[in-house]
Asker: 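The structure follows.
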Amino acid sequence: MTLPLDQGTAAASEPIYVSSPMLPSMDEYRQHLRDIWASKQLTNGGQKSLMLEDSLKSYLGVQNLALLSNGTIALMVACRALKLTGEFITTPFTFIATVHALAWCGLKPVFVDIDPVTMTIDPKQIEAAVTPRTSAIVGVHVYGNRCDVDEIDAIAKRNNLKVIYDAAHAFGTRYRGRSIADYGDMSTYSFHATKLFHTSEGGAVATRHNDLDAAARSLRNFGIASEESIPGTGINAKMSELQCAMGLAVLPLVDEEQAQRLRIFQRYNEAFKDIPGITTPPLGDLGEDSFQYYCLRVKPVAGTPSRDALYHRLKAGNVFPRRYFWPLCSDTEQYKDLESAEPARLPNAHAAAREVLCLPIYGTLTQAELSRIITGLRDACGVAS
Ligand code: T4K
């Protein structure tokens with residue numbers, strides 16, 4: 001297949017980063033800014049935020065969605081809306097924000113291992129970790145790989161636990177014809193600049209439950225119900241109109257961006273399939289998968305280079321892949337002394353943290369840049385291009 005990507009030059013001196021934000025045309029963005037200027041409503045629930053919430057609800061196919069200031073705050077708001085206490089069971093193989101957000105709310109993480117293939121929390125490990133103090137399971141659809149939501153939701157039901165899914169990487173991910181945010185009690189999104197859909201900084205919670213949506217909306221606005229009544233201990237977690245304007249201009253571009261990313265996925269998979277020690281990710285489906293990240297597993301065999309060796313070789317050529325998520329959350333200063341952080345309990349998470357290499361993926365990658373990444377990686381592996 002030929003890529004309809006532009007042919008720009010890719011001198012080795014030009015850095016290529018793991019992600020690059022989708023940018024709408026300035027004219028499109030300016031039109032939204034003109035409306036904001038005319039309304040003088042800069043934040044606190046103006047027209048742009050109402051429009052973006054409606055657009056996202058219909059794009060994602062969710063019943064309720066409340067915009068928030070970022071994906072970390074979204075997890076904190078979900079934690080408060082669900083009135084969680086004590087312990088939560090989660091994966092160590094995620095961005096540190098997943099764990100920090102709930103720890104910030106006073107909860108203790110209990111780590112369990114991940115599935116060796118999907119790299120999401122392994123449901124088989126969850127029930128043994130439940131104690132009388134457990135109030136929730138926090139699964140992460142890491143790289144957009146869906147958690148085993150059927151099994152997790154069944155475990156939660158049996159044990160009377162709440163479920164939060166961190167869907168920061170799963171924008172548009174669907175399962176059995178439904179949005180992934182239709183599973184569990186609440187799902188949280190990040191709309192950071194590095195995400196497929198973004199508002200520069202931003203996030204959201206989505207839920208099927210109207211009462212939880214109402215709680216999230218109150219919590220994001222200091223817990224204020226009216227001028228005279230402040231029943232909740234809320235926080236300022238609102239998204240400004242300027243960020244909503246960015247979201248409104250970016251959302252129409254998402255489908256084409258995903259189509260481009262699918263082509264890059266195909267190109268990478270084809271280019272790396274014959275390299276010993278490298279496992280390419282399964283090709284997702286448009287309309288089902290997010291295409292947030294492209295992650296290889298590098299398991300050295302008979303003298304082939306390690307993941308870290310490839311990482312440094314690419315960096316030397318001015319290509320900046322990332323080792324998401326190394327170090328594991330369970331290995332950081334704050335959490336490493338927890339009983340559940342013991343490495344022997346988390347062999348699959350440690351293997352993933354050692355082996356994953358996330359390569360640049362975004363719609364504006366040029367053919368020349370792609371060739372540079374592919375040649376760089378094949379050369380580093382000692383495989384002819
Ligand atoms: N849960 C999960 C599972 C998450 O992955 C995240 C965030 C969260 C929760 C929390 O959501 P937020 O509170 O962030 O909304 C990045 C992002 O900052 C973070 O949002 C993301 N996950 C995480 C996986 O990656 P860094 O430190 O790797 O980002 P940075 O600044 O190194 O960016 C990577 C590359 O992207 C840069 O080398 C260049 C490019 N870039 C970046 C930015 C910010 C641009 O081209 N333009 C930009 O504006 O954390």
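Whatever order the structure lists them in is the order used to number ligands and atoms, beginning at 1. In what follows, every heavy atom counts, from backbone to side chain, and hydrogens, waters and symmetry copies are set aside.
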Asker: Determine, for F272 and R378, whether the Lys NZ or Arg CZ falls below 6.0 Å from the six-membered ring centre while staying within 45 degrees of the axis.
Answerer: no

Asker: With ring centroids as reference points, do F171 and Y59 lie under 6.0 angstrom apart?
Answerer: yes

Asker: Assess the residue pair R217 and D213 against the criterion (salt bridge (Lys or Arg N to Asp or Glu O under 4.0 Å)); give the C-alpha distance rounded to whole Å, side-chain angles, the decisive distance to 0.1 Å, and a yes or no.
Answerer: CA-CA 6 Å; R217 287 170 186 279; D213 180 61; 2.9 Å; yes

Asker: Any chance you could measure K108, atom NZ, to F88, atom CZ, to the nearest 0.5 Å?
Answerer: 11.0 Å

Asker: Taking the six-membered ring for Trp, is the centroid-to-centroid distance between Y189 and H141 below 6.0 Å?
Answerer: no

Asker: Please output the residues near ligand 1 using a strict heavy-atom distance under 4.0 Å, listed in chain and residue-number order.
Answerer: Y17, V18, S19, S20, P21, N70, G71, T72, T94, F95, A97, T98, V140, D166, A168, H169, S190, H192, A193, T194, K195, G202, Y293, R322, Y324, F325

Asker: Start with the C-alpha gap between E127 and R158, add the side-chain angles, then the distance that decides, and say whether salt bridge (Lys or Arg N to Asp or Glu O under 4.0 Å) holds.
Answerer: CA-CA 10 Å; E127 231 151 359; R158 275 203 298 277; 2.9 Å; yes

